[in-house]
Each structure stands twice: as C-alpha cells, then as structure tokens.
Amino acid sequence: MSGVPIVTARARYEDSYTLARYLSTGGYEGLRRALTMFPDDVVAQVDEASLLGRGGAGFPAGRKWQMLRAAEVTYLVVNGDESEPATFKDHFLLERDPHQLIEGVVIAAYALQVTRAFIFVRGEFALGLERVQQAVNDAYAHGALGRNIFDSKFSLDVVVHPGAGAYICGEETALLEALEGKRGFPRIKPPFFPAVHGLYGAPTVVNNVETMSNLPWIMIHGGAAFAALGVGRSSGTRLFALAGRVNSPGVYEVEMAKSTFRDLIYDPAWGGGVIGGAEVRAIIPGGVSAPWFGPEHLDVALGQDEVAAHGSMLGSGSVVVLDETSCVVRAAWRITKFFARESCGQCTPCREGSGWIERAMYRLEHGGGRHEDLALLLDLCDNIAPGLGWPPQQTTICVLGSSIPSAVNSAISMFPDEFARHVAHGGCPYPTEALR
Amino acid sequence: MSESVETVSITVNGRALEVPVGELVIEAVGRTGVYVPRFCYHPRMEPVGVCRMCLVEVDGPRGATLQPACYVRVSEGMGVVTDSDKVKKAQDGVLEFLLANHPLDCPVCDKGGECPLQDQAVTHGSGESRFVEEKRHFAKPIEIGALVMLDRERCIQCARCTRFSAEVAGDSEIAFAGRGENIEVAPAPGRPFDSVFSGNTVQICPVGALTAKPYRFSARPWDLDQVESTCTTCAVGCRVAVQSSGNRLTRVLGLDSEPVNQGWLCDKGRFSLDSVDGNDASADPLSSATRIREPLVRENGVLRAASWSEALTRAAEILGNAAEVTGGVGAIGGAALTNEGAFAWGRFVREVLHSENLDAQYGDGLDGGLLQALPRATIAQASRARVLVTLCGDLREELPVLYLRLRDGVARTTTTLVEFAFGPSALAPLATERLAVRPGEAHLVAEAIANRERTLSKDSLVTAEALSRVRDRLGDRGAGVVFVVGRANLAEDPAVIESALRTFAQRYPEATFLPALRRANVAGALDMGWGPGLIPGGGFRAGTGGRDALAQLRAMRAGEQRALLLVGGCLLGNVLDDTGAREALAAGEVVAVTGHGGATLEYCDVVLPASVQHERLGTVTNLEGRVSAVAPKIVAPGSAWSDVAIAGELAAACGGDLALSSVEETARVIEATTGYPTLTVLNDGASDGLLARRPFTDVVRAPFDPMAFPGVRSINSAVNGELAGSLEAVNPTRAPAPSAPALADVMGGAVVATPARDAYALALRVSRRLYDRGVAVQGSPFLRPLVAPASATLNHFDLDRLGLATGDSVRVASSRTSVTVRVVLDDETPRGTIELSASLLDEDGNCPASGLYEPEALYSQVKLATT
Amino acid sequence: MSHFRVDLRQRAEETIALYPHARSAMLPLLHLAQEQDGYLSEAGIEEVAELTGTTPADVRGTASFYDMFHLEPVGTYVVGVCTNIACLLGGASELLDHARRALGAEVGATSDDGLFTLEETECLADCDRAPCVSVNHRFVRTTTVAAFDELVDELRAGARDHDIPRHGTLVRVRRSGGLRSSSEEIALERRVAREARERRANDVKGASS
Ligand SMILES: Cc1cc2nc3c(=O)[nH]c(=O)nc-3n(C[C@H](O)[C@H](O)[C@H](O)COP(=O)(O)O)c2cc1C
Ligand code: SF4
Ligand code: FES
C-alpha cells in the first residue's frame, strides 16, 4: 500500500546520513534546480504543491512564505524540537537524512532571500545534533552552504542550535525566545506573529523539519507533481509516527488522505495490527493535544480536512493506539501530567489548571476519586478552553493551555463507565500487568 | 496640555467613546468607570498579559474572543464587552485557579487587609474552594536579600517584581526560576538580592509573597494612618505616603507622581524611618543614631541638658558677641531644612547677625550663583533629552531615583547618553559614548568639545575621534541636550566642573542643566538665599562678599571668624577635610540646631533640638526646582521645635524680630514677597508640586489605582490643606520672582593652571555611596549593616602595572598621610586614577579618602606601595 | 580569570560568534558549562552571565527553565526512563520501578556511588522502542528488564564509554569553519534588531504617554 517515498526514500540505507550516500542518491539536485529559478518562482512552486506545514498547525508553507513581511533582515528558523508525545518522525529525519533537511533549508532560504538560518534541534537528540552538525560541516565543505552556494551568488549561513529540554519550545514563539537565549515563554500573537515580529524583532519564517525535508523533491519534480499526490489540500505524503498497542510501531510515509487509520494500524507493511489481536479502544491522532477518536473513526482518511471534519486533527502526525487492555483513565492522567510538567507557567489557567486537573486525575486513577470530580474536571477544562469545542477557544497566550482539556474531556465523554468503575473501585480496577 | 491626540472610536459594553489611539483596553475601559480586575498589569511597566485576570471579550476578525485587556490596544471600531457571562466565568475561573495553591494565610500575612488578591477574592470569589488537593509547598519565608523576605507559597507568578528588576532597576538581581507550577522568584546562587531598589518589589507585589524585613509584623494596615509627603533623604524629592501607627512611624511607600518618582523609591529613603523614630534609642550625643530631645549646653567641657530659655540665651550671647566683630560670625547648613526653615534661618543670619557668611553646601557642591544662572532642566526633560551628558558621580549611588528616570529614558527611548566617565557608573552599559576623564581634566575636555581648535594633551584618554563624535551629537546650539551636573570628585576643586559648565553654557545656549546635587533640600536652601550673594526667592547678586563654607572654616582656623551657627546636618562627615574641619570647630564657638547627634557635637557649645522629616510641615524644592510639601506624621520627641520657631525665638533672644510667627506665615511671606510658590503648594499638599520660577503647569494625576501600589490609601487627602488652609491664599498676582542672573555675571572663577601629572602618582577621585555615614543610614539598624568597608578601585592597567589583584592590601600615601586599603578592580575607573569613597571607613573607623585629600590642590595625587 | 578551561572558553567564544547577539548563545554555553562541571556551578553561571552580557540571576533563571540543565551535581550517568503515553502503554511504569531498584536511586536522586541519577522523563521521541530509555541523552533502546540490567552492568564496567560519554558532553561533533557572513552583514543584523527594539519601546511609550 505504501505510496511514493518522498522524505524516506533514502532511509533504508545504513549510511543514509552521510554526504556520500546523499550525493549518490540525487542529493542537492533540487537545490541546483532551485538556484536556476527566480526566488519568487520557487515560492510559487511550493505554493502550487500545497505543502501543508508538518509541525502541527498544518498551515500551507507557500502561503506562510508569501506573508513574510519585506524587511532589510529576515530569518528562517527550522523547528526540530519535536516533543509532542508519541511523535518521533522529525527525530527519524534528523538522524537518518540530515542533508535532505539542509538542502530544504537552503532552498527555502533562497526562496525567501534569507542569509542566515537556524536549525533548532531538540536538546535530547544528542545523536541527531551530531548528525546535523556533521552534515552542516560537510555541506559547507561541499559548497552547499556558505558564500556563493554552487556559484550562484547566493549565500547562506546555517547555525545548529541545541534546545535544552522544554516541550513548549516547540511552539514557534517560545522557540524564538529560546533562540534568543531566554526562558521559553511564548509571545503574545498579535503582535508577535513571527512573519512580522520574529527573531530579534525581524520578520521570520518558522517551519518544521519534515516540511523542509519535502522541498528537494518538490524542486526536482515540481509543485504540480506533489499536489497530484494525496487528496485536495492534503497533498504529498506525510510521516505518521505510529505507537502504542500495535505490532509494528514506527515511522511510515503515507500518501495523504488515500489511506485510513484502519490501514495504518492493520496493514502488514505498517502497523501490522493490534497486539494479541485485541480490539482498538481509542486512537489518539495528531499528538496528545488532539481529541481522541473511537473505533468508529477507524475508517476516517488520513487527511487534514478529513480528520478535522470529525473533530480532531492530524497535528504532529502521531497516532497512538489504545486497546482493550489499556486503561483510558490512566492514559488521560498521564497526558495531563505531561502538560502539568511542561506548562511554561506564564498564564494562570494553564499553570494552575494543569496541576489541578492532574491531581484530580491522579486521585481517580490511584484512589480517592469522587463522582463529583467528573463535573469538576469538565468545568475546570471549560475554564481553560471555554466551550470545550474544537478547535478550542483560548484563555491563555498559546495553545498549550487549550490542549490540556482534550484528553480529559475525550476520556470522560467517551468512557464515563470507566470513570464510574474507578470511583467505585477506589482506583484503577486493572492489575498493572494487564496494562501492557 | 493642548497637544491634540489622535483618537479612535470604540464601544465598551455598548457605550461609544473616543479614546487615544494605541491606548490599552484596560485603560480605555477605565474611562467609563468600569474597573477590570488585574494582577500582572502595572501602569509603570510594560504589559505582559500573563495572569489572565483581565480577560474581556474583544470583537475581532474571528468574532468576539477573550483577550487580556491589559495587553490589547484599542483600534478603530473595536467593541469591548466586560460584563458578559462568558467574561465573568473566565475571570472567576482565573481567580479560582490563583487561589487553588494559595495558602490563604491572610490572618498572619503582612499584606492582609491591603492585598489585591484578597480584595479580588472577596469581591469576585465564590467562597467555597473546590480545590481538595494538597497545596504546593515551599520552605516558608526565605531571606532573599538584606531587606526582603520571600514566601514562595503566596506568590502568584505575576512577574511584577522580576520585571521591575529587569526593566526598571535594570539590575536583574532577581528573576523567575523553574517552570510551570514550580516557578519561583530567585536571586542568583550565592548572591543576595541587594539592589538599592529592592523595596519597590515589596511595594508592588500584589500578594504577601515579598515582604520588607523592617516592616514585617510591625503593624496591621487598618491601624495605619497616612499623610502624603516628600522624601527628604536626597534631592530628588520623591513623593511618598508616610504611615504611622499612633505616634510610631511604620512605613514609607512611594506615590505615583508623574514628574518625579513615578511610584518608585530607593531603599535608603524607604527604610530609614528608624533614624527618625529613634527606635534604636541611643543616648550618646556623638552618635548620629541619637535623637536630640532637649536643648544642651556645654558646661565644664561636657554637654548637659538645659531649658530652652537657658540655651537660647547662651546661643544669643555667643552669636551676638561674635557678630559685633566684622566677619566674626557665619552659618553653614540649611539643606536639611524645609524652605520655610531655611528662609527663617537665612533672615536670621542676614537681618539679625548682619552676616553674608552663609552656605548650604559643605565644599562638596557647586557655585550657587552659577547654578542660579544656568537654564534648569526638569527630570522629565532629562529623561527625554535628545542627548544626555552626565558630568557627575554614579547616580545610582548618589540620587537613585533620578538614575531610574534617566535609565528609563536611555534604555527605552532614543535618548543618547554621553558620559564623562570619572569612574564606575551604573549607567555605563547604556552609554553611547564614555569619555574617560581623570581628576583635574573635565574643564579641558569640555573646552576641547566646545572648541574644535583646542586639543587635549597627548596623554589624555579621550581621543580626537571621540571628541568629534560628541561634538556632532551635541549639534550646533545644543537643542535637546541636557547636562546632568554634580561633583563626581570631592577631592577636586569645584572650579574644574564649574569651568566646564560655563564652557558648555556659553557654547550651547539651547542646552539645559540638571544639577545632581545630593543633599535633600539643597536646591531649596539655595533658592532661600543660603549662599553668599544669593537672593531669597531665587537669584544672585554679584559682589556682595561673604564666605562660603570652606572659607568660613578657614576663617575660623585663622581666628577671624569667632562663631559658627550650624543648622541641620552634621558638619563632620560632610566636609571632606575632616582634620581641617575639626581644627576650625575647635578654634571658635559653635551653636548647632539639629535633630540628631553626631561627631560635630563634640565641638558645640549649644545644641538646640529641631524636628526632622516626618515631624514637620513645610515645603522643599528638589533638584529640578519643583516645590512640594512635606507633612508631619508624628510629633517630634522631647521638646524639639520647628526651625521657624527656633529661629524666631533665637532672634528674639538676640533682640531682633523675624516677624515669622509660624510655618504657614513664613510660606505666605515667601510667596508674597518673591512669588516662590510655597503657600500655594502647602495649601494643596496632595499635589505633585510646582516648579519654582517657571510657568506653572498643572500635572494631572492619574486616577489612583490601589492595585498598582497596594498599601497606599487614597491619596487625595488634603492633609496639609487642612493645616495650612486657614491662611488666605496669596493674591494670584504674586510678587515677581527675582530674575535669574545673567550668565555673564557668573562667568568668573577660571581654573588655575592644571598642575603637571606626576607619572609615578595616581590621581585621587573621592566618590560617594548611597549607604554612607549619614544619619539616615546610621540611624537604621537595617541599613547600617549594608555600609561596605572602604576599598580603593583601580583600572586593570594600573593594577597590573603595580602587580596587584583584587583583594590585595596596599599602602596609599599623599603629602598628608598614608593609609592601608584593599584594592578592587574596576575598569570603569580611568587609567591613572584611584577611587575611594568619602562615605566609607576602614576597620579603624577612619575615612581613608578624607585623610589622603589635599585641600588646597586642584586635585590630589597619591602613590601606592604594596604591603 | 576564566572558570572555563582554555579550550572550552575558546569554544564558548566561537559559539557566541555564530549569533548576531551574544545572549543567543545562552543555551549552547550552558551546555558547555555543564560539559566542564557536570552541572551548572556558581562559577559556571557567573561566566555564562559575563559572556552573554546578562546577570547571574538571569542565567540561573533561564537555565532552570530547561530540564537538561542541572543546578546540583548529578551522577556520571543520567538515566532517563520515559513514562509518557506510548511508553506507558509499553510498560514504562514497571521498568521505571525496576530501574529504581537496579540503580539504587529514587527518581530525581543519585545513587550513593555517584554513578547514576535516575529521571522519569517526558516523551523522548523514540516511541517505537517503548519503553524508551536514554543514558546521557543517548538512546540505548533497551526495552526489557533484562536488557536494562545488562546495560547497567556494562556501564558499571565502563564498557560503553565509546558511545556514552560522561554526563555533560552533549555533542561531540564540533562546528568546523566559521560563518561566511561578512561583518557588515552582522552589523546590519544588529542594527535592525536594535531598531526593532526601539520601535517597540516607542510604540509602547507613545501609546502610554
Ligand atoms: C505547544 C506546542 C508545541 C509545538 N511543538 C512543535 C514541535 O515540536 N515541532 C514543530 O515543528 N512544531 C511544533 N509546534 C507548532 C509550531 O508552533 C509551528 O506551528 C510549526 O513549527 C510551524 O511549522 P510548519 O508550518 O512547517 O508546520 C508546536 C506548537 C505548540 C502550540
Ligand atoms: S513575588 Fe509577588 S510580585 Fe513577584 S511574581 Fe510573585 S506575586 Fe508577583
Ligand atoms: S493579564 Fe492583564 S492584568 Fe494580568
């Protein structure tokens, strides 16, 4: 069932991350092609490709580039902070194909006429950092970075910037703060839309690693070829990070909107089915910020609008499968614990709300839960994201806050009986081994 | 002000209004009388929009969304809703979240009763808490600095204190540490929060997380009584709320006065209350921590208590007898008094003692006539200057709140700073140009700037390029240029700076000058005539004769002046040449009028007890010439009187009559005869004061926001008005102010030729520190420990040359004496210069700077030998 | 006197040169300080403050926002066990329990021999090998109790020194070659940033006065 490999084409080689392998498999050809075009034409190709951002929000890259405010100095920043739970596709790309990323960065920088770009790599990716740095060094030596790239008169410097362990730095404005050497507190939009007031106050484009990694292919094959893949707006392929209760978790490149969650989970080339043949109980699409799906959604297509139409999102491209043996209360509790630990702490509803919800969820799972806790939890969630709709309304500066309710709200509304059992039992009724 | 402001139309809860373009929604909404609840928002800092308490519905492209009113700015056609169910639920939700982990220990919290969080909880909270979990725990109050305690459990992470530290004080001594729920306010490891502005963080903390050690548990807010007054710890004249419980002072808080302190205070002004209250009761008249409670006369060599009549008779005898001889009497002081006190004492000296020997400065100031002649800048003008040029000491040490205002101007607007870099300065990191100027050189640098033909000697540290850059910045006539001028070096002849000022004043006729003189009411005392030739009410008459302070001391030593009247303040410790001053005092008879003891009293024959700040009514004038009111909050101890009363009685004892029956009457006389707005100000004690001798512009006070400066009661109480209001207002056609002297009248006083630099010597710079030997610090048990031991600061170049490192002890010798001090590296000290502070003592209690100083030289030179 | 070793001081200065503004080098410099001392010592913090033109309180505050920086000494090996959703479903709680016993350290604490510090981490983005374990930020991909024990034995025996450096060393690949931007370009970047700051300050000022 697998379609055209675009960003994983090289991944099967042991030495996929080396310059030698990269060059022997068509590396930097896209860049050479791009350098023969006018920058605006590169933008037009990307626009035509309908390359949706792969970082979470799914905003079309071409449109984003066109929105960059013209200025004396502008920047390009690559978001490689990948910290959304159960998302591991950028990690895969950073370690396996750093040159593809760098080539994409040069193409984007050329299109935007930016002369300095930063690749922000999650600090915990020690190997990824080493591979990307090595690739940057090699690219400079190869003439693909630095002054006068491939004799084109276009110059670009790339700095690899290590993060240091904070989920919120994946949020683009917090990432810029971290890049400026500060605490990763997200900035308020407006006025701090990166395209207007970005890094050091200059207009800035922030794009995800996977988004960038698609550019070499688009340059070689053209935007139209990319747009021909997938369905509608959801063009090209996407990396899905499949995890949880499946036989073969992993990163799979799937043509957009052509396959369904069921395909991804059950196809032998991909997930290979649920462990022990159990039934799917819930799917967490798009990262833990997304509302959950039930088995009834298995046939929803893996496309941006298709998933949105059912009240959730493709988000970061992660898909977590919970099966009959999984305790949904425990899963929802663990997700809130994540938010409580990762809230930056600026906004009261997020800082205090995440901790409160986590504590209440902990009681439900570990004993001490009360019936009235469910109403309380939903009301607290409502105080963070009024109306509890999707996409959520905000009371906080960034959407980390409004993501907190997703898991709790999903678990309570999809599995009220499970909560009742927990309350009645005085904690989790499942023996821990059963949770494997 | 008639400047037209662009406006936009918005609606607030359906009501249409016009508001200035770009205004914050929270302020715009406030115009309709609707108060949006808030915590992190502070009108004197940039908004951050983090507490989310102020969420309101704002109409936008995506329909009405909840937005922080403190962050969003109005735009044309904007609709704001503050009273919908959605807004109410969001705000209640935020408040509930804030209270979830809050300890709710209001009954034992210092902030209880005046706590914004408590107030909001009472007006908005639902009573019953739904939070059943264990609350967040931190070790209870920790001492984060010498004056400040932090209770992290009470903190609501509003970032007011940390923003103050970074944005206003600029020292970032505290910052948020940790993330999420675990955020705490913290100094650096091993470095206490010792900013001289630390008290402001306590004042603006909207909960009881930050508390001031001197105030903790000393009173409950509902016991406190308040008057509005002016701080007289230094010459900035910050507006304050002074609070007491009964007759005991408990707290001083900054008031948000737009032209002066904008809410902020330094820790010295805020925490020196104990020096007034005498909580540290000491009976030794030679200690500045002692309050003088009754008159003292010397008998058989010792000071003993006496009745007022005995003391006045003795004093009248001493002064009267000395006055019979030409030049036999003189007076020093006045800068610690109110304008009324200074006026009365000035009249006493001139009309009863018939002497022109009077001086409000101690040889550490600048020529009074020159200061009267220079066009004066306001603090606001200086903070918004196009180019700010400083020729003064480190303002953070000398005039801390002026430093804040100027720092704000340079850091947050386009003001360019040019520093005459005499030594370390807190403004240095913001300076565009720093000219390293050594002692005895400022006038030469000034001439070289003003006149392109003049060049500096080859060994000068200032390059020709730097001079020409500065010249370019100052422009042709100095429009938009403000010079901040003071005495950066007490061991240098004031003629050096004065000559530089004359040069600049002539060369840049459109520039203005802000005197950075430190002593509290020095500007007022000068305006009240406290200097030879100065005219009460302002102005200067050349050629009247009369001795300044140092000349008086010389005359005392020479036996030409027989008696000295000291009014307010201690002579010793203020005059740099300590030995010379002691010789002078010992040579004649001395009458002191003072509220505090001090070393000077050792030489006094009569001591008359006066009331001091927070005990007296009157007006004072700050360095920009703003006259504002001081109000009594407590009754002076013992039988101390006001200066006006003492001056009147002493005049009577001398057989004269000042015709000044009270402070109010004195204020009326001043205003009626000179136009100086003393009575007008006194009648409206709650205003931010009026600029003397300049067109009166009304300063509009922002509506009082208890959330911005918690603890301050409503500040429109007309306390002084009640006291002074019984007098009729002065006829609006006030007597014209004495006109400012023409520059030409004050152009004399050229610098004697600069002596050659001794290649083996270092030039001495004597500076001042905030925490010094003065009454305010020495009288406070909390501030006294903050005084640093004496040390000498040198450039790394000189340290290396001498083979020294920070911490080493070194012998420093001048022609007079030699002392041993520790050296400290600081590259802001110019090469070839050694800096010592006049405020600091060595382990034996001696002031090394004072010993080394060579009084007759243009500047002093010293030599170093390692020990 | 520099607290950083000569080579690290040089790397620090090279790192700062990569950015138009020194403060931007904060995180890389803190990683360097940690490379030298194993944690952020007071002296390390002061040096970073000096290098970035900030204050020690600011540096400490910034560092403490990030999980990878330790303000107290830690073990030679910092062992992280992820218990986030995918790992939870793969038995992470049980593995973490086992790790506490095997290492002799509670979560957040260091074993008595100073060898191991145990951390319960958030998702490390290696979810196809759940439960995910990392040692000094190297993914060791040991998902079972037995494999974990074997790893611990190897670490104790020093048999993994080739692929797992002591705690603190994050990136062993140095940047080779400096920037190709000209000093004018960098000066331009600085000027634009300053103007942006001033513009904002004036916006705020203008609006509030
Ligand atoms: C809390 C939060 C975490 C995020 N984490 C990431 C991340 O780890 N990686 C990423 O690429 N985008 C992340 N994003 C999305 C970014 O803000 C931004 O939209 C994205 O980097 C833009 O790139 P794209 O347009 O190429 O997707 C996150 C957003 C939020 C609100
Ligand atoms: S200590 Fe007070 S001022 Fe500082 S953040 Fe906490 S609540 Fe705000
Ligand atoms: S968010 Fe507006 S007052 Fe705090």
Side-chain angles (χ1 to χ4, degrees), chain A residues 71-73 82-83 85-88 91 115-116 122-124 126-127 129-130 133-134 136-137 140 146-147 155 157 159-167 178-184 197 200-202 241 243-245 249-251 284 288 320 322 326 330-331 334-335 338 341-342 432 435-436, chain C residues 18-28 30-31 52 54 61-63 65-69 80 83-86 88-91 93-94 121-130 134 136-139 170-177 179-181 185 188-189 192-193 195-197 199-200:
Chain A
E72 268 180 296
V73 170
E82 189 171 64
S83 311
T87 310
F88 46 106
H91 188 197
T115 60
R116 193 200 286 274
R122 180 172 176 181
E124 288 93 338
L127 181 63
L129 276 161
E130 290 177 350
Q133 185 62 64
Q134 187 60 54
V136 165
N137 292 350
Y140 268 99
R147 278 237 156 261
S155 303
D157 277 321
V159 174
V160 181
H161 189 89
Y167 164 67
L179 198 44
E180 290 185 10
K182 302 179 190 147
R183 297 163 57 79
H197 283 282
Y200 313 125
R245 307 294 298 162
V251 175
I284 311 177
V288 295
V320 179
L322 279 67
S326 317
R330 198 178 190 200
R334 186 61 186 81
I335 290 169
F338 165 78
R341 279 178 72 168
E342 297 296 343
T432 41
L435 293 171
R436 302 289 218 86
Chain C
L18 296 177
Y19 300 88
H21 305 274
R23 183 168 184 149
S24 266
M26 180 76 81
L27 302 187
L30 288 168
H31 281 303
T52 52
T54 57
T62 306
F65 187 86
Y66 298 95
D67 292 338
M68 287 171 74
F69 298 129
T83 59
N84 205 312
I85 185 74
L88 184 83
L89 296 172
S93 305
E94 294 74 12
T121 75
E122 293 304 336
C123 178
L124 295 169
D126 217 31
C127 319
D128 47 351
R129 304 317 138 81
S134 77
N136 295 349
H137 307 298
R138 269 67 192 170
F139 293 91
L170 185 62
V171 185
R172 290 161 300 182
V173 179
R174 311 274 170 261
R175 186 183 171 99
S176 64
L179 294 179
R180 307 304 198 272
S181 323
E185 282 166 333
L188 171 69
E189 287 183 75
V192 165
E195 285 166 3
R197 226 174 18 248
R199 216 175 23 251
R200 247 203 89 61

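Just so it is clear: chains get the letters A, B, ... in the order the sequence lines come, proteins before strands, and each one is counted from 1. Please read these numbers as outputs of a predicted model, since none were measured by experiment.
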Counting heavy-atom pairs under 4.5 angstrom with chain C, the leader among A:Q134, A:E82, A:E180 is A:E180
What is the minimum heavy-atom distance between C:A125 and A:F88, and which atoms define it? O-CB, 3.2 Å
C:E185 bridged to A:R147 by N-O distance under 4.0 Å: yes
Checked C:S93, C:G80, C:G61 vs chain A; the most non-hydrogen pairs under 4.5 Å come from C:G61
Interface moiety of A:V159 toward chain C, non-hydrogen atoms closer than 4.5 Å: both
Carefully, step by step, assess C:T52 and C:R23 under the rule side-chain hydrogen bond (donor to acceptor under 3.5 Å, both in side chains). CA-CA 5 Å; C:T52 52; C:R23 183 168 184 149; over 6 Å; no
In terms of heavy-atom pairs under 4.5 Å with chain C, the winner among A:S83, A:A71, A:G123 is A:G123
Given 3.5 Å as the limit, does a donor-acceptor pair link the side chain of A:D157 with the main chain of C:S181, or not? yes
Of the listed residues (C:D67, C:V192, C:D126), which shares the most heavy-atom pairs with chain A below a 4.5 Å separation? C:D67
Using a 3.5 Å distance criterion without hydrogens, assess whether the side chain of C:N84 forms a donor-acceptor pair with backbone atoms of C:E122. no
When C:R174, C:R129, C:M26, C:H137 are compared by non-hydrogen pairs under 4.5 Å with chain A, the top option: C:H137
One option among A:P162, A:A164, A:P249 has the most heavy-atom pairs under 4.5 Å with chain C, and it is A:A164
Out of C:L170, C:T83, C:L18, return the one with the most heavy atom pairs under 4.5 angstrom to chain A. C:T83
Heavy-atom proximity to chain C below 4.5 Å, by part of A:S155: neither
When heavy-atom pairs shorter than 4.5 Å are enumerated against chain C, which of A:G201, A:A166, A:G165 gives the highest number? A:G165
Under 4.5 Å, counting heavy-atom pairs only, tell me which of C:A22, C:C123, C:A130, C:A193 racks up the most with chain A. C:C123
Quick check: does any side chain N or O of A:E124 sit under 3.5 Å from a backbone N or O of C:L124, one acting as donor and the other as acceptor? no
Checking heavy atoms, do the side chain of A:A178, its backbone, both or neither come under 4.5 Å from chain C? both
Residue pair C:L88 / A:A331: nearest heavy atoms and the distance that separates them: CD2-CA, 4.2 Å
Leading residue by heavy atom contact count with chain C [cutoff under 4.5 Å; candidates A:A86, A:G244, A:A202, A:G146]: A:A86
Do A:E342 side-chain atoms and A:Y167 backbone N/O form a donor-acceptor pair below 3.5 Å? yes
Can you classify the ring geometry of C:Y19 versus A:H161 as parallel (below 30°), tilted (30 to 60°) or perpendicular (above 60°)? perpendicular
